Amino acid sequence: MSIRFRRAILPGIAVLGLALTACGGQDDSASASGGEGASGSVAVDGSSTVYPLSNAAAELLSEENPDIQVTVGEAGTGGGFEVFCAGQTDISNASRPIEDDEAAACSDGGVEYTELQVATDALTVVVNPDLDIDCLTTEQLKMIWEPGAEGKVTNWNQVDPSFPDEAISLFGPGTDSGTFDYFTDAINGEEGASRTDYEASEDDNVIVQGVSGTPGAMGYFGYTYFEENSDSLKAVAVDSGSGCVAPSPETAQDGSYVPLSRPLFIYVSNASYSDKPQVAEFVDFYVDNLPDITEAAQFIPLNDEQTAETQSALDGLKG
Amino acid sequence: MAAYAETAAKTVLATAGRDRDRSVKSLVFLGLLWFSLFFGVLVLVALIVSTALEGAPRFDSDLITRYSSTLSPERTGFRAGILGSLMVILATAAMAVPIGIAAALHLEEFANKERWYNKFIEVNLQNLAAVPSVVYGLLAVAFVTLMGIHQRGLVISGAVALSLLILPVIIITTREAVRAVPREIRDGSMALGATRWQTTWKQTLPSAVPGIATGTILGLSRAIGEAAPLLIIGTATAIRFDPNGLMSQFTALPLEIYSTTSQSREDFRVAAAAAIIVLLVMILALNGLAIFIRNKFQRSW
């Protein structure tokens, strides 16, 4: 037994150790050739809303240049900036512009960055399809979602006497989400200010199921989730003073769907862009192929003006 | 329910054929026991079956040979996650098993159990086994940062987190296995002039291998399903290359499943369901290996 044990186990451990150490780490310092044909790793993290977009960009690039190893995480917009400003990632996905305290953290960490808008999203307010409500004003939305409504606004006819006598059930993203930040800022006037007696989930599919399965339910999330589930949900048009506007790629692009159409960004570390050719190649590729990338990931593409802006921001980065 | 309990009870009595107690109380109790058993098993079976049915359209080779794909969701795969999970579990085993076994042997065979610090360690081992896994993720981050590694989401960070997570389990089960080796084996070895070290290495340890292997593999199969500590160490979810060493970035199957289920398109959810079955198969294979080793090397005295 003892001999058999040693014969079996010791070489096993040795082989394991060898296998793990011998193949070693990947070469992180990329070839200094620059431009096309670079190799090495690109670390992307941040918003889970932008995640599919950056993921699609990484996938398209890997078909052209498999030597660039792009990793995309989804720590959330806030979580992404935290590591980005500590210099641990090259690119941060964001579903809202960077905040002052995050910008301060970046300058403390010595990270200079460039903001590039990569797509547009129409934050979509959805209700259960059986609910007889097609349009809400921003005041009404605020009435339902503001912190003061907690426990008080519980029936649709409180919002407007002409609305049905039906209890309101609310679904929405959790507080770590950039979507939550954007919605509370646009509707309630203060980022993070929201009633808390709603079903919160980081997984938008849970919100989809909640709203489609609960009479009188309401929720909000990015446009793609509505598009995928348009047969079981109803999108509410939003009236911000100039009539009801339904969310759609067109109204988000031409800027008429206010205040809930929002830009989606990537933040690129200037140092990573200039020092790591693989980061530069990835970002250039991302911007140059934006129409294909947004289409593949089913996002709303930029309009011409926004495309020109992003392009000029990139030119500034190239220096 | 009562009728069901009665028939169930009769079956048991008929097969067991020993207990003749047929009072109402005992029948009700038996019924409750059966109900509990079926409840647990039924929920599990229902879950597995519904997941398997949902994922059925995607049980193809793309699922394990291709990387995740946003461009063609119907052909998305989990290659990076599967290889990453295997890699990190291998590294975890290489780290945790020798340390765990050595620690257990020391505590059981060499340490003076009367000393206060050994008692202290003993109590804390039990406590550590109950610590939430997220905490080990934080510990691992601190540990690798101290070692001077600042890159996020590396295999070594994942392996450290999972090693810390399963070390208490390995130590506790190894101690049990070592304790189960009869005193006479040690006495006999010592009587023949072997030193304490020789006795431990050549007699006690080999005799305890089945128990140690079982405990270790069950620990590893727990680790392979963990997502929380890996999230804390900054593991990315979208990766399009194979992990190639301790210093390589990786993603793990549970993380990839989690990320895939929250995508908007239906194809992704189907693929995720299929990947859940793949993960279950991996865990069952590990558990099967544990049972095989236990049966093959089991000794009785």
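Scope of the values below: all heavy atoms of this structure, side chains included, with no hydrogens, waters or symmetry mates. This structure is a prediction, so every number in the text was calculated from the model and none was measured. Letters A, B, ... mirror the listed sequences (proteins, then strands); counts begin at 1.
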Discussion item. Looking only at the side chains, is there a donor atom on one of A/Ser62 and B/Tyr67 sitting less than 3.5 Å from an acceptor on the other?
Written reply: no
Fill in: Contact leader toward chain A among B/Ile156, B/Thr237, B/Leu255, where contacts are heavy-atom pairs under 4.5 Å
B/Thr237
Worksheet item: Can you list the steps and then say if A/Asn205 with B/Gln263 is a side-chain contact (heavy atoms from CB on, under 4.5 Å)?
Response: CA-CA 8 Å; A/Asn205 289 315; B/Gln263 300 294 310; 5.8 Å; no
Discussion item. Return the CZ to CD1 distance between B/Arg240 and A/Ile68, rounded to the nearest 0.5 Å.
Written reply: 13.0 Å
Discussion item. Please identify, among B/Thr235, B/Thr261, B/Leu231, the residue contributing the most non-hydrogen atom pairs under 4.5 Å to chain A.
Written reply: B/Thr261
Item to complete: Identify which part of A/Ala58 has an atom lying under 4.5 Å from any heavy atom of chain B, answering side chain, backbone, both or neither.
Response: both
Discussion item. Counting heavy-atom pairs closer than 4.5 Å to chain B, which one of A/Val208, A/Asp292, A/Leu60 comes out on top?
Written reply: A/Leu60
Practice prompt. Sort A/Tyr51 into side chain, backbone, both or neither according to what part of it lies under 4.5 angstrom from a heavy atom of chain B.
Written response: side chain
Worksheet item: Contact part of B/Arg265 toward chain A, heavy-atom cut-off under 4.5 Å: side chain, backbone, both or neither?
Response: both
Item to complete: Might you confirm whether atom CD of A/Glu199 has over 12 heavy atoms from other residues, nucleotides or ligands at distances under 6.0 Å?
Response: no
Worksheet item: Do you know the tightest heavy-atom contact between B/Leu71 and A/Glu59?
Response: N-OE1, 3.2 Å
Worksheet item: Any luck finding a side-chain donor-acceptor pair between A/Glu228 and B/Ser264 under 3.5 Å?
Response: no
Worksheet entry | B/Thr70 side, atom OG1; A/Phe299 side, atom CZ - distance, nearest 0.5 Å | 9.5 Å
Worksheet item: Which residues, numbered in order, of residues 74-90 of chain A come under 4.5 angstrom of chain B by heavy-atom distance?
Response: A/Glu74, A/Val83, A/Gln88, A/Thr89
Discussion item. Need one label for A/Asn55: side chain, backbone, both or neither, based on atoms under 4.5 Å from any heavy atom in chain B.
Written reply: both
Worksheet, complete the sentence: When the 4.5 angstrom heavy-atom criterion is applied to B/Ser68 and chain A, the contacting part is both
Item to complete: Nearest 0.5 Å please: distance from the OG atom of B/Ser259 over to the CG atom of A/Asp203.
Response: 10.0 Å
Discussion item. Let me confirm one number: the CG-CD distance from B/Asn244 to A/Gln69, rounded to the nearest 0.5 Å.
Written reply: 7.0 Å
Worksheet entry | Heavy atoms of other groups near A/Glu295 CD, more than 12 under 6.0 Å | no
Practice prompt. Give the member of A/Val70, A/Leu53, A/Val44, A/Thr71 that has the highest number of heavy-atom pairs under 4.5 Å with chain B.
Written response: A/Thr71
